[in-house]
Engineer: 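I'd like to ask some things about the structure below.
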Amino acid sequence: MRMIPLIALAVASGAMAQEHKADRPGMGFRDTPMLPGGKWHVHDPDRPAPKVVTPAAQPGGAPSDAVVLFDGRSMEAWTPSGKPWVLKDGAMTVPPRDGKAESVLVSKQSFGDVQLHLEFRSPNPLQKASQDRGNSGIWFMQRYEVQILDGYDNPTYADGQVGAVYAWKPPLVNAARKPGEWQSYDIVFERPRFAADGKLLRPAYVTALLNGVVVQNHQAMLGTTIWRQVEKYQAHGDAAPIQLQDHDSPVSFRNIWVRPLPPEAIAQDLPEDAR
């Protein structure tokens, strides 16, 4: 049997140990360049690990750190401004007005920067047309609207289609399903930032996926949503309720949850005086 020199074994063993050390999960390096900001090295072992969040067992379900606003059973997280909304078969539906005033649904909890998941269904058989067909909306901070509408073979003005930042930006594409089918919104909303004197430091931004398709990509918003006018900002607090619109159409909703976003989710492009 051929003998391998001890020195060769030692060198090979050392090389393997060094390679194992570099590749071992959880290990890092302190002799690498500093990342921008001068706080962490590339692959720094001392950099804090992200918080563990457990995703839902089913796609679209609420992860472990979500605030569930509607689970199909209770509407306790909401307050209607007028008539109670209809709760039936795991969904809540805009009530008929019957000659009375609108009844928007307002979350009892207030939010600023959030990730939101929501599922909605336009009425079927069809009712009316254009802006009167399956019309509702998601109003972040009760000010900034992402449009809900029956967008399937339903011509209307571009900045009022489903997926639009209402009265400002049309959706990048029309990804609407047929009326009567459940549809999903996944939206990241970043609240505006104001100086102490009310000056706007950074506008609100919205990224929206309709049925898994990007329809708004980090789109700056012009201000508070106003019908038939150019929107503008008015200074307000850091948190406010989410509102679901009553546009006199029996739109249904289910599976609504939000995740308040931490400051580091927004901080990378905040102006210095807004941090």
Engineer: Roughly how far apart are Gln243 CD and Ile138 CD1, rounded to 0.5 Å?
Structural biologist: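 Interatomic distance, Gln243 CD to Ile138 CD1, rounded to 0.5 Å: 12.0 Å.
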Engineer: Determine whether the aromatic ring centres of Phe120 and Tyr185 lie less than 6.0 Å apart.
Structural biologist: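 Here the rings of Tyr185 and Phe120 have centres that are less than 6.0 Å from each other.
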Engineer: Is atom NZ of Lys108 surrounded by more than 12 heavy atoms (other residues, nucleotides or ligands) closer than 6.0 Å?
Structural biologist: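 Yes, because the 6.0 Å sphere around NZ of Lys108 holds more than 12 heavy atoms from other groups.
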Engineer: Using a strict threshold of under 4.0 Å (side-chain N to carboxylate O), is an ion pair present between Arg73 and Asp71?
Structural biologist: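 Salt bridge present between Asp71 and Arg73.
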Engineer: Determine the minimum heavy-atom distance between Ala91 and Ser252, stating which atoms define it.
Structural biologist: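 Between these two residues, the closest heavy atoms are CB-CB, 4.4 Å.
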Engineer: Out of the candidates Leu210, Val213, Val214, only one should pair with Val173 under the side chain to side chain contact (heavy atoms under 4.5 Å, CB included) rule; please name it.
Structural biologist: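 Option passing the side chain to side chain contact (heavy atoms under 4.5 Å, CB included) with Val173: Val213.
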Engineer: Looking at every non-hydrogen atom in both residues, tell me the closest pair between Pro260 and Val114 and how far apart they are.
Structural biologist: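 Looking at all heavy atoms of both residues, the closest pair is CA-CG1, 4.1 Å.
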Engineer: For Gln58, look at atom CD and say whether over 12 heavy atoms of other residues, nucleotides or ligands are found less than 6.0 Å away.
Structural biologist: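 No.
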Engineer: Kindly compute the distance separating CG (Leu261) from CD1 (Ile266), expressed to the nearest 0.5 Å.
Structural biologist: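 Rounded to the nearest 0.5 Å, the CG-CD1 separation comes out at 5.5 Å.
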Engineer: So do His41 and Leu35 actually touch side chain to side chain, heavy atoms under 4.5 Å?
Structural biologist: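 No. Closest side-chain heavy atoms not under 4.5 Å.
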Engineer: Side chains of Tyr144 and Pro192: does their closest heavy-atom pair fall under 4.5 Å?
Structural biologist: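 Answer yes - side chains close enough.
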Engineer: Give the C-alpha distance, both sets of side-chain angles, the deciding distance and a yes or no for side chain to side chain contact (heavy atoms under 4.5 Å, CB included) between Arg133 and Leu126.
Structural biologist: CA-CA 7 Å; Arg133 185 171 138 188; Leu126 303 182; 3.8 Å; yes
Engineer: Distance to the ring centre below 6.0 angstrom and angle to the axis at most 45 degrees; does that hold for Arg177 and Trp182?
Structural biologist: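 Relative to the ring axis of Trp182, which defines the angle, Arg177 lies outside at least one limit.
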Engineer: Can you say whether the rings of His236 and Phe194 are parallel (under 30°), tilted (30 to 60°) or perpendicular (over 60°)?
Structural biologist: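 Answer is perpendicular, since the angle exceeds 60°.
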Engineer: When rounded to the nearest 0.5 angstrom, what distance separates CG in Leu149 from OG in Ser122?
Structural biologist: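 Spacing of CG (Leu149) from OG (Ser122) equals 7.0 Å.
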Engineer: Would you name the heavy atoms of Gln245 and Val104 that are closest together and state the gap between them?
Structural biologist: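 Taking Gln245 first and Val104 second, the nearest heavy atoms are CA-CG1, 4.3 Å.
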Engineer: Do Trp78 and Leu244 touch side chain to side chain, with heavy atoms closer than 4.5 Å?
Structural biologist: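 With C-beta onward as the side chain, the pair touches.
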Engineer: Using the rule side chain to side chain contact (heavy atoms under 4.5 Å, CB included), only one of Val258, Asp186, Val146, Val188 pairs with Leu116; which is it?
Structural biologist: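 That would be Val258; it is the only one of Val258, Asp186, Val146, Val188 passing the side chain to side chain contact (heavy atoms under 4.5 Å, CB included) with Leu116.
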Engineer: For Lys39 and Asp44: C-alpha separation, side-chain torsions, deciding distance, then whether salt bridge (Lys or Arg N to Asp or Glu O under 4.0 Å) applies.
Structural biologist: CA-CA 10 Å; Lys39 192 172 183 180; Asp44 199 318; over 6 Å; no
Engineer: Tell me which one of Arg259, Arg202, Arg193 satisfies salt bridge (charged side-chain N to carboxylate O under 4.0 Å, His left out) with Asp113.
Structural biologist: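 It is Arg193; the other options fail the test.
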Engineer: Could you report the tightest heavy-atom contact between Ala167 and Glu231, atom names first, then the distance?
Structural biologist: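 Scanning both residues, the minimum pair turns out to be CB-OE2, 3.4 Å.
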Engineer: Apply the test side chain to side chain contact (heavy atoms under 4.5 Å, CB included) to residues Val206 and Met221: give CA-CA distance (whole Å), side-chain angles for both, the deciding distance (0.1 Å), then the verdict.
Structural biologist: CA-CA 7 Å; Val206 64; Met221 305 179 90; 4.3 Å; yes
Engineer: What heavy-atom pair brings Pro123 and Gly134 nearest, and what distance separates the two atoms?
Structural biologist: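 The pair with the smallest heavy-atom distance is CD-CA, 3.9 Å.
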Engineer: Okay, side chain of Asn154, backbone of Ser130: is any donor-acceptor separation there less than 3.5 Å?
Structural biologist: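 Between the backbone of Ser130 and the side chain of Asn154 there is a qualifying donor-acceptor contact (under 3.5 Å).
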Engineer: Are Trp168 and Asp159 side-chain neighbours, meaning at least one heavy-atom pair lies under 4.5 Å?
Structural biologist: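 No; the side chains remain at least 4.5 Å from each other.
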Engineer: Does the pair Lys178/Asp150 count as a salt bridge with the N-to-O cut at 4.0 Å?
Structural biologist: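 Asp150 and Lys178: not salt-bridged.
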Engineer: Under a 4.5 Å side-chain heavy-atom rule over Ile, Leu, Val, Met, Phe, Trp and Tyr, are Trp139 and Val215 clustered together?
Structural biologist: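 Shared cluster, no.
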Engineer: Would a single hydrophobic cluster contain both Val42 and Trp40, if residues Ile, Leu, Val, Met, Phe, Trp and Tyr are joined by side-chain heavy-atom contacts under 4.5 Å?
Structural biologist: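 Yes: a chain of side-chain contacts under 4.5 Å links Trp40 to Val42.
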Engineer: Begin with the C-alpha distance, continue with both residues' side-chain angles, and end with the deciding distance and a verdict on side chain to side chain donor-acceptor pair (under 3.5 Å) for Gln216 and His218.
Structural biologist: CA-CA 6 Å; Gln216 301 288 343; His218 201 240; over 6 Å; no
Engineer: Quick check: are there more than 12 heavy atoms from other residues, nucleotides or ligands sitting under 6.0 Å from CZ of Arg47?
Structural biologist: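 No, not enclosed.
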Engineer: If you measure from CG on Asp132 to OG1 on Thr156, what distance do you get to the nearest 0.5 Å?
Structural biologist: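 The distance works out to 9.0 Å.
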Engineer: Is the closest side-chain heavy-atom distance between Trp257 and Pro63 below 4.5 Å?
Structural biologist: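 SC-SC contact between Trp257 and Pro63 confirmed.
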Engineer: Give a yes or no on whether Asp153 atom CG has more than 12 heavy-atom contacts from other residues, nucleotides or ligands under 6.0 Å away.
Structural biologist: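 Not buried by this count: 12 neighbours or fewer within 6.0 Å.
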Engineer: For Asn211 and Ala176, indicate whether the former's side chain and the latter's backbone hold a donor-acceptor pair under 3.5 Å.
Structural biologist: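 Such a contact is absent between Asn211 side chain and Ala176 backbone.
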Engineer: Hey, what do you get for CD (Gln109) to CD1 (Ile242), rounding to the nearest 0.5 Å?
Structural biologist: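 Going from CD on Gln109 over to CD1 on Ile242, the span is 9.0 Å.
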Engineer: Please name the pair of heavy atoms, one in Val162 and one in Gly151, separated by the smallest distance, quoted to 0.1 Å.
Structural biologist: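 That closest heavy-atom pairing would be CG1-CA, 3.9 Å.
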Engineer: Take Gln131 and Gln161, measure what side chain to side chain donor-acceptor pair (under 3.5 Å) needs, and give me the verdict at the end.
Structural biologist: CA-CA 8 Å; Gln131 289 293 299; Gln161 292 191 10; over 6 Å; no
Engineer: Counting distance only, does the side-chain N/O of Gln147 pair as donor-acceptor with the main-chain N or O of Gly160 below 3.5 Å?
Structural biologist: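 Yes: the side chain of Gln147 pairs with the backbone of Gly160.
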Engineer: With a 4.5 Å heavy-atom cut-off, do Glu145 and Thr224 have their side chains touching?
Structural biologist: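 Sidechains of Thr224 and Glu145: no contact.
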Engineer: Quick one, Phe189 and Tyr205 - any side-chain contact, counting heavy atoms below 4.5 Å?
Structural biologist: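 In short, these two side chains do not touch, never coming nearer than 4.5 Å.
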Engineer: Do Val251 and Tyr166 sit in one hydrophobic cluster, given that two such residues count as connected whenever their side-chain heavy atoms are within less than 4.5 Å of each other, even indirectly?
Structural biologist: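 Val251 does not cluster with Tyr166.
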Engineer: Grouping I, L, V, M, F, W and Y whenever their side-chain heavy atoms are under 4.5 Å apart, do Met141 and Leu222 come out in a common cluster?
Structural biologist: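 Looking at the clustering, Leu222 is in the same group as Met141.
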Engineer: With a 4.0 Å cut-off on N to O distance, would you call Asp238 and Arg191 a salt bridge?
Structural biologist: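 Salt bridge between Asp238 and Arg191, a charged N being under 4.0 Å from a carboxylate O: yes.
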Engineer: Using the rule that two of Ile, Leu, Val, Met, Phe, Trp, Tyr join whenever any of their side-chain heavy atoms come within less than 4.5 Å, decide whether Val94 and Met75 are in one cluster.
Structural biologist: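 Result: yes, single cluster for both.
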Engineer: Nearest 0.5 Å, please: how far is CG in Asn135 from NE2 in His247?
Structural biologist: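 Those atoms lie 4.0 Å apart.
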Engineer: Step through the shown structure and confirm whether more than 12 heavy atoms of other residues, nucleotides or ligands are within 6.0 Å of CD on Gln234.
Structural biologist: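 Incorrect, the count does not exceed 12.
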Engineer: May I ask you to decide if the ring planes of Trp85 and Phe253 are parallel, tilted or perpendicular, using 30° and 60° as cut-offs?
Structural biologist: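 Tilted: the ring planes of Trp85 and Phe253 meet at 30° to 60°.
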Engineer: Looking at Lys83, is its backbone amide N or carbonyl O close enough to the side chain of Ser103 to form a donor-acceptor pair, meaning the two atoms are under 3.5 Å apart?
Structural biologist: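 Confirmed, Ser103 side chain pairs with Lys83 backbone.
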Engineer: For Gln183 and Arg121, what are the C-alpha separation, side-chain angles and deciding distance, and is it a side chain to side chain contact (heavy atoms under 4.5 Å, CB included)?
Structural biologist: CA-CA 6 Å; Gln183 310 194 59; Arg121 181 179 62 193; over 6 Å; no
Engineer: Output yes when Arg30 and Asp46 qualify as a salt bridge under the 4.0 Å nitrogen-oxygen rule, no when they do not.
Structural biologist: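 A salt bridge is present here (some side-chain N lies under 4.0 Å from a carboxylate O).
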Engineer: Could you tell me whether the side chain of Val67 reaches within less than 4.5 Å of the side chain of Phe111, counting heavy atoms only?
Structural biologist: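 With C-beta onward as the side chain, the pair touches.
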